Amino acid sequence: MIGWDSELDRVLGAKTAKALDGAFGISTVGDLLRHYPRRYAERGELTPIGGLEIGEHATVLARVERVDKRRMRSRRGTILQARITDGTRSLSCTFFNQAWRERELSPGRRGMFAGKVTAYRGELQLAHPEYQLFSEDEDSDEQGAARDFAGALIPVYPAAQGIPSWSVGRCVAQVLDGWEGVRDPLPESLRQRVGLVSLEEALRLVHRPDNLTQVNQARRRLKWDEAFGVQLALAQSRQRQGTRPAPSCPRRGGGVAEAFEAELPFTLTEGQREVGERIAEDLSGERPMNRLVQGEVGSGKTVVALRAMLQVVDAGRQAVMLAPTEVLAAQHARSLRELLGRFGRAGELGAAEQATRVRLLTGSLPAARRKQALLDAASGAAGIVVGTHALLQDGVSFAELGLVVVDEQHRFGVEQRDALRERAGERSCPHLLVMTATPIPRTVAMTVFGDLRTSALRELPRGRAPISTTVVPSAEKPAWLERAWQRVREEVAEGHQVYVVCSRVGDESGETSSTETGELQAAPERGESGQRTPVSVLDLAEWLRRGPLEGLRLGVLHGRLPSEDKDAVMRRFADGETDVLVATTVVEVGVDVPNATMMVIMDADRFGMSQLHQLRGRVGRGDSPGLCLLVSAAMPQSPARNRLDAVASTTDGFELARLDLQQRREGDVLGAAQSGRRSTLRMLSLVHDEELIATARAEAEEFVEPDPELRDHPGLAAMVTELVDEDRADFLEKA
Ligand code: ADP
Ligand code: MG
């Protein structure tokens, strides 16, 4: 009998097993059965050729249109070219020295063709195609391909060179025929409640369905298992957080928090007040806070975090604030000091009596300052320490750490958060506050951030000037771009500052500079791929300096600069000593220069919608209205252009996040969110399966609450282990 863990070389033979392993990393029966069809083709249908993407390995159902054979001029031999069609568009398949295929590939015959999609002289091609023809008489013929494609639905598998979809299908069929089945990990009662078929049935149906109803039944069950496994793991993680106590930091009257608030130059928004209350409550408890605050760019998250940090300081503990880059850390330290005023200058002249001390602690600090900061952290003299994540990795010691604030780090996965905590506190577990300006759709919040409680700041402080956004189509309307540079000059003439953002730094080795041509915008370079090389920071800055922005004070900022330089450039811009900052997305998060009123984003189509939204949030932070220009060569109605139009048409970040999610592939969402970890969700969709995820979350809570280790449900415990890969399981063990 063939079991779940049977090795494929035993079942399918060494050669086939090796090929599957090489192509997909599949080595057991279980692996193969989890290699689900990507889609199903109906017997009579043809695959729309227009929908193919260049570079993908595609499986196409098509009809042979015509076949041409010719002699190669340079060498001896023949080229056979078959054009296949979906009825509208066609695609060519080229075979070298296989003239005999002419007999098989007669016009009118249908089949599946597989290969990598390439483009040659504007024509789509399948490179090194493999094919399997259907029998000529679809209804009666019993042999050959017809047997493999007997069902009405043909599963189309993720395939690879040398292993076309139909070979995968044949292996699966062989395995299923001798498979002993598998025990269902889900309790019967749960299956009934949610309406799910058994695991064995789901696996059989997903590979060999007779109709779409069966496909849907199978998919629902398999998706459920993914959603449920993740939710069980998260529920366990939430439970575990309660086991190591956090330092309780109740509010204290007469401390720095109260004094600071009394002198705040503005009134808190409703949202800031509300979220503040939640956090204050969390902090006063012994259960470690684990909270995510989402708030639009400019919604005032910093002051929310600061109030939390001060409450912790009043309780005699310390807070650290972590930023993703040194630039941001430096800026946070500055703006915290500024906000705090005399309350942040303990030990200095003119400090308030309750004052605490803010210390920046980064790798690039001069040795003496770094030493002082380390001392202040260790002695407790610094109530607030600001740095990057390296700060905790480097094992900096604190006298009494009570709170970790992580800013703009939505790409941080569950494990990183747990690890962070682990390192942060030896005796106790500090409270954790994560802040993000990227609004997170509910499904993502439930899955990727399922271990966090979330709250949102939905309103912007009053008096904030609106940002208007316009797309500048540089290909169709080059004059608009010229006008844009003029507009930059006008803005600067009025005493304001401007960001110009590029997707690339430039000056990579082997790259030719386009500054020489002096026609950077008008005649964009085209690379070999036919795609325009995106404008780079270095090239553009040089070109602007000599051309349209001559005489203005330009700064250049990008990730390759040494940290000290970055900091200096940023500081000059913040102090108004630079008019225009040409930069990469280093300016994306958290940068706050209220006098900056305009942003020009070059090759805007290279950025995601949420990212553009974040970027433009850098302007219009003062009282003057903000202007954002999205420069792009994307054609009207192209998907890229539609995305830009969407960004221009709304300033609702939550709406854009939803659209962004729909546009991306699932793997990207989870991949990015879990920082590169292989996604364990093969079938579950964060876009479409909201209801299923919500149900799974509620059910998981029910199981884990009374039985955190799932001792009464070994099947469920095994599901969790199957989902989380080894080192993560390892990690959960330790925590
Ligand atoms: P973000 O949420 O993007 O991090 P910040 O915390 O940097 O936003 O706040 C943006 C600006 O708004 C800062 O200059 C801050 O001082 C100011 N601000 C914050 N809260 C208020 C408020 N309630 N009223 C007026 N201005 C505020
Ligand atoms: Mg911020």
Side-chain angles (χ1 to χ4, degrees), residues 260-277 279 291-310 321-325 327-341 343-344 358 384 386 388 405-412 433-440 454-467 497 499 570 573-576 585-597 599 610-626 628 651-654 656-657:
F260 165 74
E261 249 169 274
E263 292 190 17
L264 254 184
F266 45 73
T267 7
L268 295 171
T269 64
E270 192 74 19
Q272 284 172 322
R273 201 170 289 287
E274 242 173 60
V275 174
E277 278 308 306
I279 295 175
R291 188 171 288 281
L292 171 73
V293 174
Q294 316 179 47
E296 286 277 346
V297 169
S299 58
K301 292 182 292 294
T302 313
V303 73
V304 170
L306 181 52
R307 291 177 72 215
M309 293 195 279
L310 294 180
M321 185 168 199
L322 303 179
T325 64
V327 174
L328 284 173
Q331 187 193 291
H332 271 319
R334 259 200 314 279
S335 55
L336 289 178
R337 270 195 210 111
E338 233 158 72
L339 263 170
L340 278 167
F343 297 107
V358 180
I384 298 176
V386 186
T388 63
V405 179
V406 179
D407 191 30
E408 303 297 359
Q409 202 54 321
H410 50 282
R411 292 191 189 88
F412 227 49
L433 179 63
V434 180
M435 303 197 294
T436 174
T438 308
I440 296 159
T454 63
S455 32
L457 295 173
R458 287 184 184 269
E459 60 192 317
L460 298 184
R462 242 191 300 275
R464 188 60 52 77
I467 304 176
Q497 289 161 283
Y499 295 102
M570 213 42 237
F573 190 66
D575 293 346
T585 50
V586 184
V587 296
E588 179 181 353
V589 279
V591 173
D592 187 14
V593 180
N595 191 43
T597 49
M599 176 176 282
S610 290
Q611 202 182 6
L612 290 170
H613 181 62
Q614 296 252 310
L615 278 168
R616 73 177 161 185
R618 305 292 122 224
V619 296
R621 290 173 80 97
D623 332 311
S624 315
C628 175
T651 50
D652 182 344
F654 281 88
L656 286 173

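Just the heavy atoms: all of them, side chains too, but no hydrogens, waters or symmetry mates, feed the values below. Counting convention: from 1, in listed order, for ligands and their atoms alike. Predicted, not measured: the structure shown is a model, and the values here were computed from it. Heads up: numbering here begins at 1 and tracks the sequence.
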Measuring from [X]:[atom1] to [Y]:[atom2], what's the distance to the nearest 0.5 Å?
X      : Y      : atom1 : atom2 : value
Ser299 : Gln272 : OG    : CD    : 7.5 Å
Thr325 : His332 : OG1   : NE2   : 8.5 Å
His613 : Leu656 : NE2   : CG    : 6.0 Å

Element-labelled atoms of ligand 1 that are located less than 4.0 Å from some non-hydrogen atom of [X]:
X      : value
Leu268 : 23 (N)
Thr267 : 22 (C), 23 (N), 24 (N)
Thr269 : 23 (N)
Thr302 : 4 (O), 5 (P), 6 (O), 7 (O)

> If we only count N/O pairs under 3.5 Å, is Gly300 in contact with ligand 1?
Replying inline: yes
>> Using side-chain contact (heavy atoms from CB on, under 4.5 Å), reason through Val434 and Arg291 one step at a time and then give a plain yes or no.
In response: CA-CA 6 Å; Val434 180; Arg291 188 171 288 281; over 6 Å; no
>> Counting only heavy atoms closer than 4.0 Å, does ligand 1 sit against the backbone of Met435, its side chain, both, or neither?
In response: neither
> Hey, looking at atom 2 (O) of ligand 1, which of Gln331, Glu338, Lys301 has the closest heavy atom?
Replying inline: Lys301
>> Let's go through Leu339 and Leu306 carefully: what are the C-alpha distance in whole Å and the side-chain angles of both, what is the deciding distance for side-chain contact (heavy atoms from CB on, under 4.5 Å) to 0.1 Å, and is it a yes or a no?
In response: CA-CA 9 Å; Leu339 263 170; Leu306 181 52; 3.9 Å; yes
> Is there a heavy atom in Ser299 that sits closer than 4.0 Å to ligand 1?
Replying inline: yes
>> So does Met599 get a backbone contact from the side chain of Arg616, meaning a donor-acceptor N/O pair under 3.5 Å?
In response: no
